[in-house]
*Asks:* 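Below is the structure I would like to discuss, written out as structure tokens.
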2 protein chains.
Amino acid sequence: MDTKPQSQDNPSQYNADAFAKPSVTVDVAAFTAREGKLCVLLVKRGVWPFAGAWALPGGFVRLDEDLDTAVQRELVEETGVAAAHYLEQLYTFGAVGRDPRTRVISVAYYALLPGPESGLPLAASEPEAGTDAAEARWWPVDSLPSLAFDHAEILATALTRLRAKLGYTSVAYALLTEEFTLTELQTVYEIILGYSLDKRNFRKKMLAAEILEGTPRQKRDGAHRPAQLFRFTKKEPVFMG
Amino acid sequence: MDTKPQSQDNPSQYNADAFAKPSVTVDVAAFTAREGKLCVLLVKRGVWPFAGAWALPGGFVRLDEDLDTAVQRELVEETGVAAAHYLEQLYTFGAVGRDPRTRVISVAYYALLPGPESGLPLAASEPEAGTDAAEARWWPVDSLPSLAFDHAEILATALTRLRAKLGYTSVAYALLTEEFTLTELQTVYEIILGYSLDKRNFRKKMLAAEILEGTPRQKRDGAHRPAQLFRFTKKEPVFMG
DNA sequence: ATACATTGTGTTTCATGGACACAAAGCCGC
DNA sequence: GCGGCTTTGTGTCCATGAAACACAATGTAT
């Protein structure tokens with residue numbers, strides 16, 4: 001209802017700033033698939049608290065920007081990676097003691113970016129220690145350093161959500177380049193899920209979902225049979241039966 | 001990362017309050033099933049903005065309380081209903097213009113309470129215009145007044161989530177009293193989903209899910225065959241195959 | 001004891017998901 | 001140019017879960 005800190009009997013003299021406020025940040029778990037592993041983008045903290053520890057990129061929300069905007073801005077500022085191909089709000093973490101400085105409520109997001117091996121413009125996903133962070137790099141999610149704040153919990157939540165959503169939507173588009181082979185698509189699934197899939201069943205399901213369209217182009221990969229290139233018909237996640 | 005507004009080179013002189021901050025509220029869509037309809041708890045606003053309009057209960061988060069705590073407190077303060085049997089964070093709404101007063105970021109929840117007809121202690125779910133709100137009452141979700149702020153959007157999100165979650169978890173426990181008949185359980189499902197279900201399939205699925213246990217007691221309902229009373233084995237939502 | 005309203009129970013059918021093997025295409029080396 | 005290698009591309013069977021569907025049993029009131 002948003003009514004608490006104002007004088008009930010004098011609506012004209014509203015003062016929203018009469019009470020001490022929590023701070024609001026956004027934090028983002030940005031994922032990509034590279035070198036056969038699912039990786040998340042982390043930055044090394046330079047300052048107290050958790051100086052020297054690795055953390056999810058993030059920062060304070062400005063008064064005049066939407067939450068999504070804040071996330072994209074922080075990603076660029078702190079890590080230099082281009083705008084995420086997919087961004088989804090995850091959960092809001094607001095426990096009282098989660099930040100030793102003061103009360104901080106963090107709206108967590110996860111983001112997906114195409115990997116470098118699918119032959120994409122490299123710059124888009126290469127981190128380069130932004131203006132704020134000491135260092136930024138991709139970490140495989142199966143060999144992470146220990147994380148600052150409650151970021152391990154945020155990351156675990158993000159991973160669970162990503163894996164679930166991969167199963168019943170077409171979000172995988174955000175992890176690939178415009179055109180790709182069915183084997184490349186399957187590899188992305190396998191990397192993220194962490195186990196291997198049956199080729200025939202995978203192709204059957206993907207083609208039945210009506211989310212892909214074939215192109216006349218092929219990818220010829222060295223000494224073997226060329227593969228047809230496909231693309232997603234929509235660049236937004238749609239439900240898959 | 002939570003680093004933006006502090007001096008990078010002087011970690012000891014941290015001042016988290018150096019920047020203007022958004023306000024943080026919680027809002028809650030509290031549902032119950034009564035008189036054959038799915039109802040949501042609304043309060044009538046007494047003050048600007050949207051004075052006279054109906055809104056979801058909610059209010060500012062205090063510095064020293066967790067988000068869930070704030071929700072339960074606001075529910076009691078504004079509507080007088082007892083603590084919700086189930087509470088789940090929904091989404092955080094933070095668009096710049098969503099509140100005409102100032103920048104307000106709202107962490108939205110939905111809550112479930114048992115209805116009165118299942119023979120529960122009435123007081124627990126009878127609203128009685130709390131200290132803050134002019135008036136509080138249950139509204140059937142299929143005949144709502146127009147809502148303040150973006151609360152219609154929040155409510156729509158809550159409804160979608162509730163209906164989905166009812167299908168694959170045992171959250172329905174929060175809408176019933178301790179013991180209930182299978183027909184009462186089915187009625188709750190039908191009220192929330194908005195369509196009727198096949199009795200045999202419903203019972204088969206519920207009993208197969210291993211979330212219920214029979215009691216030796218029966219409910220004798222007037223002039224007809226008595227029905228066995230059941231209870232949920234866990235008072236937390238568990239996944240149902 | 002008979003009529004009434006509600007509880008309580010099984011089978012068939014269909015769709016979906018998982019296991020499983022082999023021919024076709026292109027390149028390389030000989 | 002022929003054989004060998006590696007990857008693409010395809011179809012069937014089986015099990016499991018979801019949906020349709022009807023009737024006997026129980027207790028009360030007349």
Side-chain angles (χ1 to χ4, degrees), chain A residues 36 117-119 163-170 172 176 179-191 193-231 238-241, chain B residues 36 117-119 163-170 172 176 179-191 193-231 238-241:
Chain A
E117 28 228 31
S118 337
R163 288 182 172 134
K165 204 129 186 177
L166 201 66
Y168 61 91
T169 74
S170 60
L176 289 163
E179 297 189 351
F180 50 86
T181 67
L182 286 180
T183 300
E184 285 169 345
L185 179 60
Q186 181 176 346
T187 301
V188 164
Y189 269 77
E190 290 175 337
I191 288 174
L193 296 177
Y195 51 86
S196 53
L197 302 169
D198 178 84
K199 176 156 64 162
R200 282 164 294 184
N201 292 334
F202 180 80
R203 294 162 104 93
K204 201 192 316 170
K205 178 175 176 181
M206 284 297 151
L207 295 174
E210 310 232 323
I211 57 175
L212 301 180
E213 60 185 10
T215 74
R217 293 180 45 82
Q218 293 186 323
K219 176 170 187 175
R220 43 194 75 239
D221 179 35
H224 312 302
R225 176 172 175 176
Q228 186 181 8
L229 287 167
F230 288 82
R231 59 166 34 139
V238 300
F239 182 79
M240 299 191 308
Chain B
E117 27 228 32
S118 337
R163 289 182 170 133
K165 203 129 187 177
L166 200 66
Y168 61 91
T169 74
S170 59
L176 289 163
E179 298 190 351
F180 50 88
T181 67
L182 287 180
T183 301
E184 286 169 345
L185 179 60
Q186 181 176 346
T187 301
V188 164
Y189 269 77
E190 290 175 337
I191 288 174
L193 296 177
Y195 51 83
S196 52
L197 302 168
D198 179 84
K199 177 158 62 163
R200 281 165 293 184
N201 292 335
F202 180 80
R203 294 163 103 93
K204 199 191 316 169
K205 179 175 175 180
M206 283 299 152
L207 295 174
E210 310 229 324
I211 56 176
L212 301 180
E213 60 184 12
T215 75
R217 293 179 47 81
Q218 294 186 321
K219 176 170 187 175
R220 44 195 73 237
D221 179 36
H224 310 302
R225 175 172 176 177
Q228 187 181 7
L229 287 167
F230 288 82
R231 58 166 35 140
V238 299
F239 183 79
M240 299 191 307

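Each chain gets a letter, A, B and so on, in the order the sequences are listed, and its residues count up from 1.
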*Asks:* At a cut-off of 3.5 Å, list every protein nitrogen or oxygen paired with a nitrogen or oxygen from nucleotides 28-30 of chain D, distance to 0.1 Å.
*Replies:*
unit_1: dT28(D); atom_1: O4'; unit_2: A223(B); atom_2: O; d: 3.2

*Asks:* Give every residue pair that meets the salt bridge (Lys or Arg N to Asp or Glu O under 4.0 Å) criterion with at least one member in residues 199-208 of chain A, sequence neighbours excluded.
*Replies:* none
*Asks:* Assign each of K205(A) and P226(A) to its nearest nucleotide of DNA chain C by heavy atoms, then name whichever residue's nucleotide is nearer the 5' end.
*Replies:* K205(A)
*Asks:* Does atom CZ of R217(B) have more than 12 heavy-atom neighbours from other groups under 6.0 Å away?
*Replies:* no
*Asks:* Rounded to the nearest Å, what distance is computed from the NZ atom of residue K219(A) to the C1' atom of nucleotide dG9(D)?
*Replies:* 17 Å
*Asks:* A209(A): which residues meet the side-chain contact (heavy atoms from CB on, under 4.5 Å) condition with it, sequence neighbours left out?
*Replies:* I211(A), M240(A)
*Asks:* Do R225(B) side-chain and dT26(D) base share a donor-acceptor contact under 3.5 Å?
*Replies:* no
*Asks:* List in chain and number order the residues that pass side-chain contact (heavy atoms from CB on, under 4.5 Å) with E210(B), two or more places apart in sequence or in another chain; answer none if no residue qualifies.
*Replies:* none
*Asks:* With a 4.0 angstrom cut-off to heavy atoms of chain A, pull out the first and last contacting nucleotide of DNA chain C, in 5'-to-3' order.
*Replies:* dG17(C) to dC28(C)
*Asks:* By side chain to side chain donor-acceptor pair (under 3.5 Å), which residues pair with Q228(B), not counting sequence neighbours?
*Replies:* none
*Asks:* Nearest 0.5 angstrom please: E190(A) CD to L197(A) CG, how far?
*Replies:* 4.5 Å
*Asks:* For T183(A), report the nucleic acid contact type (base, sugar-phosphate, nothing); a contact means any heavy atom under 4.0 Å.
*Replies:* sugar-phosphate
*Asks:* What N/O pairs connect the protein and nucleotides 10-12 of chain D at under 3.5 Å? Give each pair on its own line.
*Replies:*
unit_1: dT12(D); atom_1: O4; unit_2: K204(A); atom_2: NZ; d: 3.2

*Asks:* Suppose we screen for side chain to side chain donor-acceptor pair (under 3.5 Å). Which residues come up paired with Q218(B), at least two apart in sequence or across chains?
*Replies:* R220(B)
*Asks:* Residues two or more places apart in sequence or in another chain: which of them pass side-chain contact (heavy atoms from CB on, under 4.5 Å) with T187(B)?
*Replies:* T183(B), I191(B)
*Asks:* Considering residues at least two apart in sequence or located in another chain, which fulfil the ring pair (Phe, Tyr, Trp, His ring centres under 6.0 Å) criterion with Y189(A)?
*Replies:* F202(A)
*Asks:* Which residues pass the salt bridge (charged side-chain N to carboxylate O under 4.0 Å, His left out) test with R225(B), not counting sequence neighbours?
*Replies:* none
*Asks:* Report the residues that fulfil side-chain contact (heavy atoms from CB on, under 4.5 Å) with D221(B), sequence neighbours left out, ordered by chain and then residue number.
*Replies:* none
*Asks:* Please compare Q228(A) and G241(B) by the position of their nearest nucleotide in DNA chain D and report the one closer to 5'.
*Replies:* Q228(A)
